[in-house]
Amino acid sequence: MITFVLSLIALVAGYLIYGRIVERIFAPDDRPTPAVSMADGVDYVVLPGWKIFMIQFLNIAGTGPIFGAIMGAKFGPSAYLWIVLGCIFAGAVHDYLSGMLSMRHGGAGLPELVGAYLGGRTKKVMLVFSVFLLLMVGAVFVYSPAIILGKLCSDSLTWVYIWCLIIFAYYFLATMLPIDKIIGRIYPIFAIAMLFMAIALMGVLFIKWPSLPELTDGLTNMNPASGTIFPCLFITIACGAISGFHATQSPLMARCIKSERQGRPLFYGAMITEGVVALIWATVSMYFFYGGAAGELGVPATLQAPEVVTTVSQGWLGVFGGALAILGVVAAPITSGDTALRSARLIIAEFLHLEQHSIRKRIYICIPVFGVTLALLWYNIADADGFNVIWNYFGWANQTLAVFTLWTITVYLVRKKKNYWITLLPAMFMTAVCLSFLLISKDSFGLPTIVGYISAIAAFIISGLLFAIWKTSAGKSMHN
């Protein structure tokens, strides 16, 4: 528990100290934001700051800081280090600067930002990559809550299919309607529920004060079956540390912020809050897997992440806690899925230069978007291993998206003659993580671990050298 307490303090200090350093580097000012200068009553709508924070938090959170932290906790105390250091120096920086960069470019989506700083070809790759990632999110986050809700009604698969249709219909409405009509009204409620559940669980941890694996015990991998700590831990715990998916969500709120000076609490702060939630669930899971909580609750320590959430919440918080657990496990993926599809609509519309004030033109884009999502959903249902396949590819694609975002922001900072090291080092590190994982993962090339380590070192060095060469060339062009 000492490591947990110190990690909590570190996250708060990271927001107060490093968050302010990053803010000063970007230098927000009083220029009109897109929500004011481009207001359209649909996607560009000024919302209260507290509501933006709740929506942003739920948009980026989903089940990521819960399920990812639970699976990541199996690695042992190293999970604490990645959540804290990743969140402060990579994830929150990534979220804040991608959101602010979007605001400076009229609320532009990620592919547009990538194209502006990494070139037109990269923009086209990123367009396909990000849209497909968002559609995977939509498909995965229909099926997982539908299974839970279906089982509450009956053991028959019929109810699962019915809930899939209900959630899918909600997705369509949330994607089509103005952001303040559904998302702006119900998201804050769900966000409050998720935060309340996390705080309640933290309270139980402090009361019980269990004996848990600490950083002082070393960074030995406590569950080799989950893979090696590097790079597998850095892919497993994504949303609680850094997630490229967030860069597709931040533009949604960049279109709703009244002043640039709200950026640090709304973007950087939301990510730190997600880090706190991940830290709480990682600690709960350490207690469950290695501290005896599974035995206390009378269940095996081999339960999967959703079962851990439900079992622990019901066992520690009673009936009310069980209700919150269901709300968190069901509502969180649904609310991530609908904003994912909304982001896909906006990214495609931006690429096609198709205005979205008209309902008819929104429908033009929604029909193919939902058609592809429906196909992925069917694969999810028809193939016994469909969910796992899509989820594994989503995990890698998620972190790869973060790589593109970090390099984009780095180029922006260089061009603006600002301190680019705050994103360069995370960009180089995540490049190494994603390449090595692709090479050694059993779902891709399945090469020996040593190959992954060598490729990671090479990727880190080569990406840094290529950046230095580009920066020298870009510097000469700017001087000329």
Side-chain angles (χ1 to χ4, degrees), residues 3-4 6-12 14-15 18-19 56-96 98 137 141 191 194-195 197-199 201-202 205 215 226-227 229-247 249-250 267-289 305-306 308-309 312 328-329 332-333 335-336 391 394-396 398-399 401-402 405-406 426 429-430 433-434 437:
T3 302
F4 171 62
L6 292 177
S7 297
L8 278 176
I9 295 171
L11 283 176
V12 175
Y15 171 76
Y18 197 68
Q56 173 71 4
F57 168 69
L58 204 58
N59 279 356
I60 66 175
T63 56
I66 300 175
F67 290 176
I70 291 172
M71 292 184 286
K74 292 181 179 181
F75 287 93
S78 55
Y80 287 122
L81 276 182
W82 175 229
I83 291 172
V84 173
L85 298 179
C87 192
I88 294 172
F89 297 107
V93 175
H94 168 282
D95 289 13
Y96 172 74
S98 63
V137 171
F141 288 168
M194 181 181 281
L195 289 171
M197 180 173 63
I199 292 170
L201 290 174
M202 181 170 63
L205 283 172
L215 280 173
S226 298
I229 289 179
F230 183 93
C232 297
L233 172 64
F234 302 92
I235 297 292
T236 302
I237 299 181
C239 291
I242 180 171
S243 167
F245 173 67
H246 297 183
Q249 301 303 290
S250 292
F267 292 128
Y268 198 101
M271 182 60 206
I272 291 293
T273 304
E274 184 176 7
V276 170
V277 172
L279 199 65
I280 291 169
W281 275 106
T283 307
V284 167
S285 304
M286 295 265 193
Y287 185 17
F288 185 87
F289 295 126
V308 173
V309 171
V312 170
V329 175
T335 51
S336 288
W391 184 263
F394 164 71
W396 176 80
N398 185 26
Q399 298 301 60
L401 202 63
T405 305
L406 288 168
F429 178 76
M430 292 308 298
V433 166
C434 291
F437 184 81

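Keep in mind it's a predicted model, so treat the numbers as computed, not measured. Starting from 1, each residue takes its place in the sequence as its number.
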Which distance, rounded to the nearest 0.5 Å, do you find between the [atom1] of [X] and the [atom2] of [Y]?
| X | Y | atom1 | atom2 | answer |
| --- | --- | --- | --- | --- |
| Leu406 | Ser98 | CG | OG | 9.0 Å |
| Ile83 | Ser7 | CD1 | OG | 8.0 Å |
| Ile280 | Leu8 | CD1 | CG | 6.5 Å |
| Glu274 | Ile60 | CD | CD1 | 4.5 Å |
| Met71 | Ile66 | CE | CD1 | 11.5 Å |

If every non-hydrogen atom of [X] is compared with every non-hydrogen atom of [Y], which pair is closest and at what distance?
| X | Y | result |
| --- | --- | --- |
| Ala282 | Ala73 | O-CB, 3.5 Å |
| Leu11 | Cys87 | CD2-CB, 4.0 Å |
| Gly76 | Met286 | O-CE, 2.9 Å |
| Phe245 | Asn59 | CE2-O, 3.4 Å |
| Gln56 | Gln249 | OE1-O, 4.1 Å |
| Cys232 | Phe437 | SG-CE1, 4.1 Å |

Kindly determine whether Ile88 and Tyr268 satisfy side-chain contact (heavy atoms from CB on, under 4.5 Å), including the steps that lead there. CA-CA 9 Å; Ile88 294 172; Tyr268 198 101; 3.8 Å; yes
Under a 4.5 Å cut-off applied to non-hydrogen side-chain atoms, are [X] and [Y] in contact?
| X | Y | value |
| --- | --- | --- |
| Pro77 | Thr3 | no |
| Val309 | Phe67 | yes |
| Phe57 | Val277 | yes |
| His246 | Cys239 | yes |
| Met202 | Leu279 | no |
| Ile237 | Phe75 | no |
| Leu201 | Trp281 | yes |
| Ser285 | Lys74 | no |

Exam field: side chain Gln399 to backbone Ile242, donor-acceptor pair closer than 3.5 Å: yes
Any donor-acceptor N/O pair, Thr405 side chain to Gly244 backbone, under 3.5 Å: no
Looking only at side chains, do Tyr80 and Thr283 share a donor and an acceptor under 3.5 Å apart? yes
Between Ser250 and Asp95, do the side chains contain an N or O donor and an N or O acceptor separated by less than 3.5 Å? no
Could you go through the side-chain contact (heavy atoms from CB on, under 4.5 Å) check for Leu195 and Thr273 one step at a time? CA-CA 9 Å; Leu195 289 171; Thr273 304; 3.6 Å; yes
Going by the side chain to side chain contact (heavy atoms under 4.5 Å, CB included) test, name the single residue among Tyr96, Tyr18, Tyr15 that passes it with Ile272. Tyr15
